[in-house]
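Notes follow once the structure below has been shown.
Below, read A as the first sequence line, B as the second, and so on, with proteins coming before strands; counting in each chain starts at 1.
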Protein chains: 2
Amino acid sequence: MQTLETKDAPSPFRTRAEKMQDRADKREAVLRAAVRMFNAHGFHATSLDDVAASLGISKPTIYHYLGNKEQVLIECVTRGLEPLRSAAEQARAQAGSGLERLRRFLIDYARTNMDDFGRCMVRTGDELLSPASAASIRARKREIDATLRALIAEGIADGSIAPVDVKMSAFALAGALNWPARWHDPAGPDSPETIATGLVDMLIGGLAPR
Amino acid sequence: MQTLETKDAPSPFRTRAEKMQDRADKREAVLRAAVRMFNAHGFHATSLDDVAASLGISKPTIYHYLGNKEQVLIECVTRGLEPLRSAAEQARAQAGSGLERLRRFLIDYARTNMDDFGRCMVRTGDELLSPASAASIRARKREIDATLRALIAEGIADGSIAPVDVKMSAFALAGALNWPARWHDPAGPDSPETIATGLVDMLIGGLAPR
DNA sequence: CGACAAATCTACTGGTGAGTATATTGCTTA
DNA sequence: TAAGCAATATACTCACCAGTAGATTTGTCG
């Protein structure tokens, strides 16, 4: 019987779903190659010819999958933002004290800022994007920030967090946890996990002795 | 008597010292114009023609004062780094507990990161510079970081700072205090002074209640 | 005065890289 | 089997911009 393809004898005739998957895979491969090069050399110093060459394809192929260079960047940033959005959603739904939920969120936040897309997201300033795209991305970042501030406020309300200045604390936390996007070396000895918990513990405990 | 120029009758014949000053002033003006445009639109999106136009001069005049575009950026970054170097020097010389000296240093650090040159310094990643210049600047930044770590270690030794992980804490502090270079709006309601103390107080106290 | 140096301009060169026109191949579907 | 579409390539165009050549002006110094 041979009505469905099997693993052993994959048919060269792809179904529609397979072809859509194929296309999505290729798009993804372009983005992964691009984000690595953006992180390594910067957006402007990376030409789409370079990205194409690194994949053994030609530039028009990239244009076939992604409309233009800015679109490539936007997709990378979007992929970097998505885990944050999802972590924020979870944090809002979770039970527990404000501090407990915040801690969980901060660790997720720090960790995803160290993967390829997260790093690109953090490092992509407004000036690299068209005004419209910059605004759209800023809006999404603002939502993450709103969650961060809400968690801090809830912690203060339930007594699990000291009565700090919410806005300043949110900026301090974000800054401390974004910064690894610029210095963390994936090849180095410290895993993202270790760094994330190290940073968060310091931020929660502070420098002054207790 | 008219042997020396007076404020009322400034001679049009400049002395050698005056001309050197004049030259330095013009160099400075170029750098100030450039750093503002770099901060607003990014290094690559700012052409030297734009900078020249904003001063009502022509591009070759910029080349007359500064060798090339990278040199302009390097000078901007250097000017952003200098106050940090000087604050670090002071902090090392000062008396007081580790925490007191660290606090003073952190506030200076945060404040200077919000002026034009400081912002440019923070935002200029290695990828914008030639390998040689990037290395030189990285070395200078490493010295600041060494001071930061030394102050933390001293504070731990004298008991004014909790026994935190020195490296992680230094990164967390630097990140939190560098971040305003990306979000602070000089036209906004919060002065650099306010932000600096707000951030530092939160970092010293931590989030957890005492 | 005459030569030199500083300061500045206009007008160019040369390289780079985003984005496109167009051709080709092969699969899908009416 | 013809039409149409997806995927891909080669070989362009076009704009921009760093950097330079060379002319000009003006003040300085021997």
Would you check if the side chain of B/T78 reaches a backbone N or O of B/I74 as a donor-acceptor pair within less than 3.5 Å? yes
Rounded distance in Å - CG (A/D22) to P (C/dT28): 12 Å
Quick one: is C/dA7 close enough that its OP1 or OP2 comes under 4.0 Å of any side-chain N or O from B/H64? yes
Take nucleotides 16-21 of chain D nucleotide by nucleotide from the 5' end and write B, S or -, depending on whether a protein heavy atom sits under 4.0 Å from the base, only from the sugar-phosphate, or from neither. -SBBBB
Is B/S58 near enough to C/dC9 that one of its side-chain N or O atoms lies under 4.0 angstrom from OP1 or OP2? yes
Nearest-angstrom distance from the residue atom CZ of A/R27 to P of D/dA7: 12 Å
Do any N or O atoms from the side chain of A/R79 and from the backbone of A/F117 form a donor-acceptor pair under 3.5 angstrom? no
D/dA6 phosphate, OP1 or OP2: any side-chain N/O from A/R23 under 4.0 angstrom? no
How close or far is atom C1' of D/dA9 from atom CD1 of A/I62, stated in whole angstroms? 13 Å
Figure out the CG/P separation between A/L73 and C/dA18, and round it to whole Å. 12 Å
Short question: side chain of A/R27, backbone of A/Y65 - any donor-acceptor pair under 3.5 Å? yes
Give a yes or no on whether B/H44 atom NE2 has more than 12 heavy-atom contacts from other residues, nucleotides or ligands under 6.0 Å away. yes
Does any N or O in the side chain of B/K26 come within less than 3.5 Å of the main-chain N or O of B/T61, such that one atom is a donor and the other an acceptor? no
Any A/Y65 side-chain N or O less than 4.0 Å from OP1/OP2 of D/dA6: no
Taking the basic N atoms (NZ, or NE/NH1/NH2) and the acidic carboxylate oxygens, is any pair closer than 4.0 Å for B/K141 and B/D145? no
